[in-house]
Asker: 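After the structure tokens below, expect a handful of questions from me.
Naming convention: chains lettered A, B, ... in sequence-line order (proteins, then strands); numbering from 1 in each chain. The figures here come from the full heavy-atom set of this structure, side chains too, leaving out hydrogens, waters and symmetry mates.
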Amino acid sequence: MSFPKRTIYCGELRSSHAGQEVVLNGWVARVRDLGGVIFMDVRDHSGVSQTLIRPAEQPELACTIRGLTPESVIWVRGTVQLRENPNPALPTGQVEVVIAELGLLNPALLPPFPISDEIALTEEVRLRYRYLDLRRPRMQRYLRLRHQVYQLIHRYFDRHGFVEIETPMLTRSTPEGARDFLVPSRLHPGRFYALPQSPQLFKQLLMIAGFDRYVQIVKCFRDEDLRADRQPEFTQIDLEMSFVSREDILSLTEGLFAELWSEVLTVELPTPFPRLTYREAMTRYGSDKPDLRYGLELQTLTDIFAETELGIFRKAVAEGHTIAGLRLEGGAAYSRKELEDLAETVRPHGLPGLIWLKYDSSGWQSPVIKHISESERDALRQRLQLQEGDLALLAAAPWEPCYSALGALRRKLADQLDLISKNNVSYRMLWVVDFPLVEYSEAERRYVARHHPFTAPIEEDLPLLDTAPERVRAQAYDLVLNGEEICGGSIRIHTAELQQKVFSILGLTTEQVQQKFGFLLEALRYGAPPHGGIAMGLDRIIMLMAGAESLRDVIAFPKTTSGLSLVDGAPASVDPEQLEELGICVRMPGQLS
RNA sequence: GGGGCCGUAGCUCAGUCGGUUAGAGCGCCUGCCUGUCACGCAGGAGGACGCGAGUUCGAGUCUCGUCGGCCCCGCCA
């Protein structure tokens with residue numbers, strides 16, 4: 001099909017173009033037929049331009065335009081002129097194109113919804129007609145911002161001496177971590193590839209291969225349930241460096257974020273980013289990914305109640321549990337019902353409830369106040385900095401649930417009190433470091449890696465590996481932005497001996513290790529340099545940069561909460577011949593074998 | 001695996017205590033209209049109330065199941 005090609009984009013017309021003949025290629029956005037004059041807005045990705053004709057002068061053109069459906073694809077040739085009535089709300093509002101010629105390139109079916117940011121749509125309709133959803137200006141902005149981010153990433157790492165190398169998508173399934181997506185092998189019936197959860201082992205092999213600095217923007221796959229911030233396939237910026245310390249990786253990462261924010265958002269991020277150890281993050285914020293946009297810091301109170309008369313606290317102290325709490329300014333006015341509502345947030349963490357104490361002009365008020373001594377009251381008031389009219393909320397439980405529960409309470413209060421300003425966007429970056437290497441899984445009755453099994457322990461904790469693995473800290477780090485984890489990485493184990501030891505702590509048998517990770521152990525023996533790296537959740541980063549509400553908004557073709565792709569209908573059943581070829585026989589759930 | 005909210009016109013939604021012929025706005029169609037820009041005005045068409053059972057004299061409305069969307073817990077090294 002031959003047609004007049006555009007001479008300018010719709011969104012680019014300005015008063016300086018007045019008098020010029022232009023050709024526009026685009027979509028019919030809207031027709032306003034006033035009888036004696038017809039206005040037609042023509043849209044492409046850059047914006048909208050108003051065109052017009054006068055039916056009295058061009059009756060056949062008028063007829064054509066009146067027959068156009070919205071979203072039909074057209075070309076228009078005409079002359080730019082200044083408008084009689086400019087529209088200051090539009091960038092192109094000073095001018096309009098007087099149509100001389102118009103051609104219909106492809107008539108469109110009536111779209112199920114107008115192409116506009118203003119219109120409210122359900123997620124289902126948007127995803128079913130994703131190509132129309134993506135035609136909307138906001139979605140165009142999000143994906144173009146995403147493109148800008150890609151380009152900057154490539155430039156940044158190239159400048160810092162990184163080599164971009166692709167790692168395979170068809171890999172082997174390894175134990176540990178998320179559930180794998182499996183791909184059956186036709187050539188080897190009964191055997192399966194796994195889609196990578198991350199290129200972790202390959203990038204370590206690249207370090208052993210001497211590439212020194214590797215980076216890749218790469219798709220990763222995890223077959224787990226979805227969330228607003230979790231898709232089964234997602235994109236990581238994956239990097240690894242040799243002969244480095246943690247510090248090198250943190251500052252390189254900070255440099256990238258500072259540059260991204262500066263160039264894409266024109267926001268200057270102060271570097272270095274603040275750092276908290278895992279322990280500090282938990283004891284001060286009750287989370288390993290705290291949101292620093294608001295206060296409500298936690299205080300540890302165990303020492304204050306070391307010799308208390310209050311039964312539940314005395315018992316907690318005796319059992320080595322933790323007592324902690326937070327101050328709620330002006331909270332003395334809370335009703336029983338409101339307090340009960342707050343207590344509800346700690347129950348999922350296994351706590352029976354909260355102890356509350358109101359402090360105001362008439363003194364203390366609390367169901368437990370008569371069991372709390374004067375000196376304890378004074379210490380509490382001081383520790384929490386209580387003022388008249390404040391409320392103290394206290395929890396007693398083992399260390400982890402105690403702080404986690406208060407962290408949940410802190411988030412709930414921030415939400416309830418609207419402490420996160422919507423109109424005043426801020427970006428609070430935070431490194432959380434020194435995570436525990438492993439944690440005990442009651443469900444699996446063994447230690448599991450907190451980060452992944454290739455993470456190096458902090459050297460001074462090495463002796464604890466044999467005696468108290470749960471107390472060993474890892475050389476691991478997460479980058480947190482406004483309460484969302486956006487990066488995670490570590491210095492890796494680079495000797496076969498240590499790697500083997502960690503595998504055994506994780507309860508892997510020698511046989512399992514040999515079978516699943518033998519190639520890694522072997523490679524580590526052929527001159528593996530000290531190395532470490534980080535993986536950044538690109539979709540989440542872009543979501544936060546764009547101010548989008550959902551990961552889906554910054555992914556061109558995302559899956560629904562149940563993992564379906566509504567635009568192409570994946571996953572779908574396949575022809576029996578395909579299964580036959582793969583040696584696969586499908587048994588539906590509940591069906592007898 | 002579990003919990004919550006939702007599914008009614010092309011879109012977004014209302015629909016009372018279970019009761020006559022199921023509504024609104026936008027969009028669409030027809031007509032009128034020479035400066036609109038979410039044009040305006042007048043008229044009109046458009047519905048297996050997601051699907052399947054059940055309760056009932058009677059179900060959009062109640063119950064169960066199922067499919068789909070969203071959010072959360074578990075899960076996500």
Side-chain angles (χ1 to χ4, degrees), chain A residues 29-43 48-57 62 66-67 69-71 81-90 92-93 96 98 109-129 132-133 174-180 197-198 200-201 220-232 234 345 347-349 408 435-439 441 443-444 447-455 474 476 478 485 488-490 502-503 506 508 535 537 549-550 552 559-564 566 569 589:
Chain A
R30 192 169 263 120
V31 175
R32 289 178 296 278
D33 182 351
L34 277 61
V37 57
I38 304 175
F39 297 101
M40 174 172 63
D41 291 340
V42 183
R43 185 193 62 243
V48 174
S49 263
Q50 174 167 291
T51 65
L52 84 160
I53 65 141
R54 294 181 197 282
E57 295 159 22
R66 284 177 174 139
T69 52
E71 299 310 311
Q81 70 175 18
L82 295 174
R83 290 198 197 182
E84 268 176 48
N85 298 317
N87 182 351
L90 289 175
T92 59
E96 60 198 356
V98 184
L109 288 176
L110 186 67
F113 53 85
I115 308 305
S116 155
D117 287 341
E118 314 305 322
I119 206 84
L121 297 171
T122 56
E123 203 75 12
E124 193 169 358
V125 171
R126 293 179 59 191
L127 293 177
R128 165 86 176 74
Y129 298 97
L132 297 179
D133 186 37
T174 52
E176 304 288 303
R179 191 177 295 112
D180 286 318
Q197 297 179 28
S198 94
Q200 183 59 34
L201 294 174
C220 301
F221 305 86
R222 292 174 193 177
D223 189 5
E224 297 293 347
D225 288 359
L226 289 81
R227 287 285 188 286
D229 60 352
R230 255 167 41 193
Q231 284 274 310
F234 60 99
T345 63
R347 300 221 165 92
H349 298 265
F435 282 87
L437 184 72
V438 299
E439 55 197 2
S441 161
E444 297 183 52
Y447 289 106
V448 294
R450 167 110 197 176
H451 183 53
H452 60 50
F454 320 108
T455 302
D478 280 358
E485 179 193 333
S490 63
V502 169
F503 282 145
L506 295 176
L508 294 173
E549 308 227 321
S550 156
R552 291 185 296 272
K559 307 286 187 283
T560 67
T561 311
S562 70
L564 301 183
L566 296 186

Asker: Taking the C1' atom of each, how far is U34(B) from C41(B), in whole Å?
Answerer: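 Nearest-Å result for U34(B) against C41(B) at atom C1': 16 Å.
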
Asker: Does T560(A) place a side-chain N or O at less than 4.0 Å from the phosphate oxygens OP1/OP2 of G69(B)?
Answerer: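 Answer yes for this pair, as a side-chain N or O of T560(A) is under 4.0 Å from OP1 or OP2.
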
Asker: Between U61(B) and G54(B), how many Å separate the two C1' atoms, rounded to a whole number?
Answerer: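 Here U61(B) and G54(B) have their C1' atoms 15 Å from each other.
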
Asker: Contact class for Q50(A) (heavy atom, under 4.0 Å): base, sugar-phosphate, or nothing?
Answerer: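 Base: the residue Q50(A), judged by heavy atoms under 4.0 Å, touches a nucleobase.
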
Asker: To the side chain of D225(A), which of U36(B), C72(B), G74(B) is closest?
Answerer: G74(B)

Asker: What is the base-pairing partner of G68(B), counting Watson-Crick and G-U wobble geometry with both distances under 3.5 Å?
Answerer: C6(B)

Asker: How close do R552(A) and E123(A) get, counting heavy atoms only, and between which atoms?
Answerer: NE-OE2, 2.6 Å

Asker: Is the distance from OP1 or OP2 of U12(B) to the nearest side-chain N or O of T122(A) less than 4.0 Å?
Answerer: yes

Asker: As a test of reading the structure: which of G69(B), C70(B), U36(B) is closest to the side chain of F39(A), going by heavy atoms?
Answerer: U36(B)

Asker: What is the distance, rounded to the nearest whole Å, between atom CZ of R126(A) and atom C1' of C11(B)?
Answerer: 14 Å

Asker: Taking the side chain as every heavy atom from C-beta outward, state whether L437(A) and T455(A) have any pair of such atoms under 4.5 Å apart.
Answerer: yes

Asker: Rounding to a whole Å, what distance do you find between R128(A):CZ and G10(B):P?
Answerer: 13 Å

Asker: Considering every strand shown, what is the Watson-Crick or G-U wobble mate of U16(B) when both distances are under 3.5 Å?
Answerer: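 For U16(B), the partner nucleotide comes out as none, under the 3.5 Å rule.
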
Asker: Over how many whole Å does the gap from L566(A) atom CG to C67(B) atom P extend?
Answerer: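 After rounding, the gap between these two atoms is 16 Å.
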
Asker: How close or far is atom P of C76(B) from atom CG of L226(A), stated in whole angstroms?
Answerer: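 To the nearest whole Å, that distance equals 14 Å.
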
Asker: Pick the C1' atom in G65(B) and in U55(B), then give their distance to the nearest Å.
Answerer: 15 Å

Asker: Using atom C1' in both nucleotides, what's the gap between G46(B) and G1(B) to the nearest angstrom?
Answerer: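 So the two C1' atoms sit 43 Å from each other.
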
Asker: Considering Watson-Crick and G-U wobble pairs with both distances under 3.5 Å, what does G25(B) pair with?
Answerer: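 Result: C11(B).
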
Asker: Distances under 3.5 Å between protein N/O atoms and the N/O atoms of nucleotides 38-41 of chain B, please, pair by pair.
Answerer:
| from | atom 1 | to | atom 2 | distance (Å) |
| --- | --- | --- | --- | --- |
| C39(B) | OP1 | R30(A) | NE | 3.3 |
| C39(B) | OP2 | R30(A) | NE | 3.3 |
| C39(B) | OP2 | R32(A) | NH1 | 3.2 |
| C39(B) | N4 | D33(A) | O | 2.5 |

Asker: Could you go through Q50(A) and R30(A), starting from their C-alpha distance and side-chain angles, then the distance that decides it, and tell me whether this counts as side chain to side chain contact (heavy atoms under 4.5 Å, CB included)?
Answerer: CA-CA 9 Å; Q50(A) 174 167 291; R30(A) 192 169 263 120; over 6 Å; no

Asker: Touch check for V125(A), heavy atoms < 4.0 angstrom, all strands: base, sugar-phosphate only, or nothing?
Answerer: sugar-phosphate

Asker: When we call it a touch if two heavy atoms are under 4.0 Å apart, what does R552(A) touch: a base, just sugar-phosphate, or nothing?
Answerer: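 If one applies the 4.0 Å heavy-atom cut-off, R552(A) turns out to touch the sugar-phosphate alone, with no base involved.
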
Asker: Students often get this wrong, so: under 4.0 angstrom with heavy atoms, is S562(A) touching a base, only sugar-phosphate, or nothing?
Answerer: sugar-phosphate

Asker: Please state the C1' separation for the pair C13(B) and U21(B) - nearest whole angstrom.
Answerer: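 It works out to 22 Å between them.
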
Asker: How about L52(A) and I38(A): do any of their side-chain heavy atoms sit closer than 4.5 Å?
Answerer: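 Side chain of L52(A) against side chain of I38(A), heavy atoms only: no contact under 4.5 Å found.
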
Asker: Using atom C1' in both nucleotides, what's the gap between C6(B) and C49(B) to the nearest angstrom?
Answerer: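 Between the two C1' atoms, the distance is 14 Å.
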
Asker: Record whether the side chain of R230(A) comes under 3.5 Å of the base of C75(B) through a donor-acceptor pair of N or O atoms.
Answerer: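 When only heavy-atom distances are counted, R230(A) does reach the base of C75(B) through a donor-acceptor pair under 3.5 Å.
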
Asker: Salt bridge between D41(A) and R32(A), side-chain N to carboxylate O under 4.0 Å?
Answerer: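 Between R32(A) and D41(A) there is a salt bridge, with a charged N closer than 4.0 Å to a carboxylate O.
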
Asker: Now, which nucleotide makes the Watson-Crick or G-U wobble pair with G47(B), with each of the two distances under 3.5 Å?
Answerer: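 Check on G47(B): unpaired, no WC or wobble geometry under 3.5 Å.
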
Asker: Specify the closest pair of heavy atoms between T92(A) and V48(A), including all atoms of both residues, with the distance to one decimal.
Answerer: OG1-O, 2.6 Å

Asker: Is there a side-chain contact between P232(A) and D223(A) (heavy atoms, below 4.5 Å)?
Answerer: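 When only atoms from C-beta onward are counted, D223(A) and P232(A) do not touch, as no gap falls below 4.5 Å.
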
Asker: Answer with base, sugar-phosphate or nothing: what part of the nucleic acid does P114(A) contact at a heavy-atom distance below 4.0 Å?
Answerer: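 Touches nothing.
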
Asker: In whole angstrom, give me the gap between the P atoms of U20(B) and U12(B).
Answerer: 28 Å

Asker: Classify the nucleic acid contact of E118(A) as base, sugar-phosphate or nothing, counting any heavy atom under 4.0 Å across all strands shown.
Answerer: nothing

Asker: For G40(B), give its Watson-Crick or G-U wobble partner with both distances under 3.5 Å, or none.
Answerer: C32(B)

Asker: Would you mind classifying the nucleic acid contact of P86(A) as base, sugar-phosphate or nothing, using non-hydrogen atoms under 4.0 angstrom?
Answerer: base

Asker: When the distance from CG of L90(A) to P of U36(B) is rounded to whole Å, what number comes out?
Answerer: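 Atom CG in L90(A) sits about 14 Å away from atom P in U36(B).
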
Asker: Among G69(B), C72(B), C11(B), which nucleotide sits nearest the side chain of F113(A)?
Answerer: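 The closest nucleotide is C11(B).
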
Asker: Quantified in whole Å, what is the P atom distance between nucleotide C67(B) and nucleotide U30(B)?
Answerer: 43 Å

Asker: So which nucleotide does C62(B) pair with, by the Watson-Crick or G-U wobble rule with both distances under 3.5 Å?
Answerer: G54(B)

Asker: Can you tell me the distance, in whole Å, between the CZ atom of R66(A) and the C1' atom of U30(B)?
Answerer: 13 Å

Asker: Which of these nucleotides, C76(B), U36(B), G68(B), is closest to any side-chain atom of A178(A)?
Answerer: C76(B)

Asker: Would a 4.5 Å heavy-atom cut-off, applied to side chains only, mark E71(A) and R43(A) as touching?
Answerer: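 Yes. Closest side-chain heavy atoms under 4.5 Å.
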
Asker: Contact class for L564(A) vs. all strands (heavy atom < 4.0 Å): base, sugar-phosphate, or nothing?
Answerer: sugar-phosphate

Asker: Taking E224(A) first and then R230(A), would you say they form a salt bridge - that is, a charged N and a carboxylate O separated by under 4.0 Å?
Answerer: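 Salt bridge flag = no for R230(A) with E224(A).
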
Asker: Contact between P55(A) and R66(A) at the side-chain level, heavy atoms closer than 4.5 Å - yes or no?
Answerer: yes

Asker: Does P70(A) or E224(A) map to a spot on RNA chain B nearer the 5' end, using the closest nucleotide for each?
Answerer: P70(A)

Asker: Give the rounded distance in Å between these two atoms: CD1 of I38(A) and P of U36(B).
Answerer: 16 Å

Asker: Starting at the 5' end of RNA chain B, which residue's closest nucleotide do you reach first, Q81(A) or L110(A)?
Answerer: L110(A)

Asker: Is the shortest heavy-atom distance from the side chain of F234(A) to the side chain of R222(A) under 4.5 Å?
Answerer: yes

Asker: Would you indicate what R83(A) reaches in the nucleic acid, counting non-hydrogen atoms under 4.0 angstrom: base, sugar-phosphate, or nothing?
Answerer: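 Base, at least one base atom sits under 4.0 Å.
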
Asker: Can you check the E444(A) CD to C76(B) C1' distance for me, whole Å?
Answerer: 13 Å

